[in-house]
There are 2 protein chains.
Amino acid sequence: MTTQPLSRARIVAAAVELIEREGADAVSMRRIASELGVGVMSLYNHVPNKGALLDGVAESVLSEIEFTDDPEAHWADRVRMQARAFRQIAHHYPRCTMLVVSRQLHSHAGLLPVERALATLRSAGFDGADAVRVLRLFIAFIVGSLLREVGVTPAFAPGRSSTIDPEEVDPELFPEVSALSELLGSCDHEAEFAFGVELFVQAIAVHPARREGTR
Amino acid sequence: MTTQPLSRARIVAAAVELIEREGADAVSMRRIASELGVGVMSLYNHVPNKGALLDGVAESVLSEIEFTDDPEAHWADRVRMQARAFRQIAHHYPRCTMLVVSRQLHSHAGLLPVERALATLRSAGFDGADAVRVLRLFIAFIVGSLLREVGVTPAFAPGRSSTIDPEEVDPELFPEVSALSELLGSCDHEAEFAFGVELFVQAIAVHPARREGTR
DNA sequence: GGGGGCGACGTACACCGTACGTTCCTTGGA
DNA sequence: TCCAAGGAACGTACGGTGTACGTCGCCCCC
């Protein structure tokens with residue numbers, strides 16, 4: 001049996017798999033090459049450099065988003081669906097998500113979500129400029145949320161997930177933090193995300209820049 | 001003249017200065033040591049490892065936030081002030097901001113902003129659980145915003161700031177993106193941030209979980 | 001005066017990204 | 001059928017990285 005030839009797609013896939021298995025720090029050209037049973041420099045026949053490889057990883061993950069957009073649905077439900085779609089890939093590729101949000105990619109892979117979101121906001125009654133503004137705001141929220149959700153598990157250790165040790169914070173200096181330390185320590189990301197989406201939807205529903213009366 | 005002795009503070013300060021001058025990629029133990037006119041391993045007498053040094057950088061930058069909180073002011077104004085305070089350090093230390101938002105630090109340096117924010121939200125009429133929820137949402141927005149603002153200038157090149165080349169996007173596939181490419185290409189971060197803050201303030205002002213009637 | 005501890009240092013190792021030159025295998029044309 | 005050409009895989013090498021470890025000199029306190 002002959003092993004199938006190297007290709008950019010196989011390299012990117014190996015990188016994704018390695019990142020999810022051992023974290024982004026484990027990624028090196030040598031490591032990926034050995035993972036594929038191949039010499040290090042052979043990778044450079046398909047990928048110009050490491051940065052481009054990581055871009056490929058981000059692009060690959062991003063392109064797996066499943067958009068089941070229904071133009072007939074209410075805009076609020078479409079916003080909810082698109083937000084869920086984003087978060088689902090973060091659930092599927094938690095370690096890669098950091099790459100997606102930290103590398104800004106100039107490719108066209110990230111354009112489809114933008115297109116869908118803009119269409120949704122236009123149908124919600126925003127003009128072009130306000131649609132862009134609102135979209136930027138929403139993306140900021142999503143990126144910030146995913147970053148917290150992912151960043152809280154750098155070593156994927158559920159045990160020490162608590163960021164705040166209630167015993168170590170001085171109740172005199174930080175009364176609120178101290179009183180709420182239990183709530184601050186644990187976080188239901190699912191509920192937190194849904195809460196944010198709902199508040200966002202409700203906020204733009206009443207926004208003055210929106211023209212009412214669209215389907 | 002005798003050079004003043006090495007110290008954790010001097011090392012962190014040199015790192016901050018180097019990051020702002022040449023970017024986070026330029027940071028290496030050897031580089032910082034030579035910057036201080038010192039041997040590489042001498043650094044390890046004051047800093048356990050590079051990760052701790054970067055944590056120190058994040059902590060240092062974060063601790064420079066100037067909170068001029070006025071408990072007598074309206075809660076909405078207090079939210080605006082605190083948001084501005086956050087964004088100002090991003091303006092002051094643009095390259096370091098990525099570190100602050102990407103490393104989650106277990107130290108107590110980040111606790112003061114949390115304390116102030118929670119107090120503000122409590123005074124706005126939220127109970128503990130909702131204050132934490134709203135705070136998490138707000139932090140997500142701020143982090144996402146700063147990340148975009150900083151990430152758009154990795155090499156600090158104002159020329160190629162445009163992420164989207166209008167000529168390269170197919171109007172058939174992406175009509176909205178194509179039509180709004182000019183708006184998508186440029187971004188007034190200041191206005192964008194203010195827009196988000198206002199929408200956030202207005203959203204929580206009408207939120208059902210908030211109890212009205214506080215000063 | 002002497003001893004102990006600490007801070008600066010140099011060396012060494014394993015690993016990183018990648019520029020460059022070599023080898024082999026496949027494939028198109030005569 | 002043979003040969004030339006090109007691409008793909010490879011090995012070597014260079015400069016850089018983080019840091020473990022052993023050594024040396026200075027200062028302070030007893």
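Reminder, nothing fancy here: chain letters follow the sequence lines and each chain counts from 1.
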A.B. asks: Could you tell me which residues satisfy ring-ring contact (aromatic ring centres under 6.0 Å, His included) with A/Phe86, sequence neighbours excluded, listed by chain and number?
C.D. replies: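 Expected list: none.
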A.B. asks: Should we say atom CG of B/Asp188 is surrounded by more than 12 heavy atoms from elsewhere, each under 6.0 Å from it?
C.D. replies: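 Counting neighbours around CG of B/Asp188, more than 12 heavy atoms of other residues, nucleotides or ligands fall under 6.0 Å, so yes.
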A.B. asks: Give me the distances for all protein-to-nucleotides 11-18 of chain D N/O pairs that come in under 3.5 Å?
C.D. replies:
| unit_1 | atom_1 | unit_2 | atom_2 | d |
| --- | --- | --- | --- | --- |
| D/dT17 | OP1 | B/Ser28 | OG | 3.1 |
| D/dG18 | OP1 | B/Met29 | N | 3.4 |
| D/dG18 | OP1 | B/Lys50 | NZ | 3.0 |
| D/dG18 | OP2 | B/Met29 | N | 2.9 |
| D/dG18 | N7 | B/Arg30 | NH1 | 2.6 |
| D/dG18 | O6 | B/Arg30 | NH2 | 3.0 |

A.B. asks: Run the side-chain contact (heavy atoms from CB on, under 4.5 Å) test against A/Ala194 and tell me which residues pass, sequence neighbours left out.
C.D. replies: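 A/Ala194: no side-chain contact (heavy atoms from CB on, under 4.5 Å) contacts found.
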A.B. asks: Please list, chain by chain and in numerical order, all residues satisfying ring-ring contact (aromatic ring centres under 6.0 Å, His included) with B/Phe195, sequence neighbours excluded.
C.D. replies: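 Listed in chain order: A/His207.
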A.B. asks: Between A/Arg10 (CZ) and D/dA8 (P), how many Å, whole number?
C.D. replies: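 So the two atoms are 14 Å apart, to the nearest Å.
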A.B. asks: Throw together a table of side-chain donor-acceptor distances under 3.5 angstrom for residues 139-146 of chain B, partners on residues two or more places apart or in other chains.
C.D. replies:
| unit_1 | atom_1 | unit_2 | atom_2 | d |
| --- | --- | --- | --- | --- |
| B/Ser145 | OG | B/Phe141 | O | 2.9 |

A.B. asks: With sequence neighbours excluded, what pairs up with A/Ala179 under the side-chain contact (heavy atoms from CB on, under 4.5 Å) test?
C.D. replies: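 If we apply the side-chain contact (heavy atoms from CB on, under 4.5 Å) test to A/Ala179, skipping adjacent residues, there are no hits.
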A.B. asks: Quick one: side-chain contact (heavy atoms from CB on, under 4.5 Å) partners of A/Ala85, sequence neighbours excluded?
C.D. replies: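 Residues passing side-chain contact (heavy atoms from CB on, under 4.5 Å) with A/Ala85: A/Ile65, A/Phe67.
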A.B. asks: Report the residues that fulfil ring-ring contact (aromatic ring centres under 6.0 Å, His included) with A/Phe126, sequence neighbours left out, ordered by chain and then residue number.
C.D. replies: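 With sequence neighbours excluded, A/Phe126 shows a ring-ring contact (aromatic ring centres under 6.0 Å, His included) to no residue whatsoever.
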A.B. asks: Per the salt bridge (charged side-chain N to carboxylate O under 4.0 Å, His left out) rule, what does the pair list look like for residues 38-54 of chain B, sequence neighbours excluded?
C.D. replies: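 Listed by first then second residue: nothing to list.
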A.B. asks: How long is the line joining CG of B/Asn45 and P of D/dG25, in whole Å?
C.D. replies: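 Taking CG of B/Asn45 and P of D/dG25, I get 17 Å after rounding.
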A.B. asks: Please classify the nucleic acid contact of B/Val40 as base, sugar-phosphate, or nothing, using heavy-atom distances under 4.0 Å.
C.D. replies: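 Touches a base.
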A.B. asks: Let me test you: for the helix from C/dG1-D/dC30 to C/dA30-D/dT1, what is the angle between the axes at its two ends (five pairs each), rounded to 10 degrees?
C.D. replies: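 Between the axes fitted at each end of the helix from C/dG1-D/dC30 to C/dA30-D/dT1 lies an angle of 10°.
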A.B. asks: Would you list the pairs meeting side chain to side chain donor-acceptor pair (under 3.5 Å) in which at least one residue belongs to residues 190-199 of chain A, sequence neighbours left out?
C.D. replies: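 Qualifying pairs, neighbours excluded: A/Arg80-A/Glu198, A/Arg87-A/Glu190, A/Glu192-B/Arg136.
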A.B. asks: For DNA chain C, note the earliest and the latest nucleotide, 5' to 3', having some atom under 4.0 Å of a heavy atom belonging to chain B.
C.D. replies: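 Terminal contacting nucleotides, 5' to 3': C/dG7 to C/dA12.
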A.B. asks: Using whole Å, what does the distance between atom P of nucleotide D/dA20 and atom CG of B/Leu43 come to?
C.D. replies: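 Rounding to the nearest Å, CG of B/Leu43 and P of D/dA20 are 13 Å apart.
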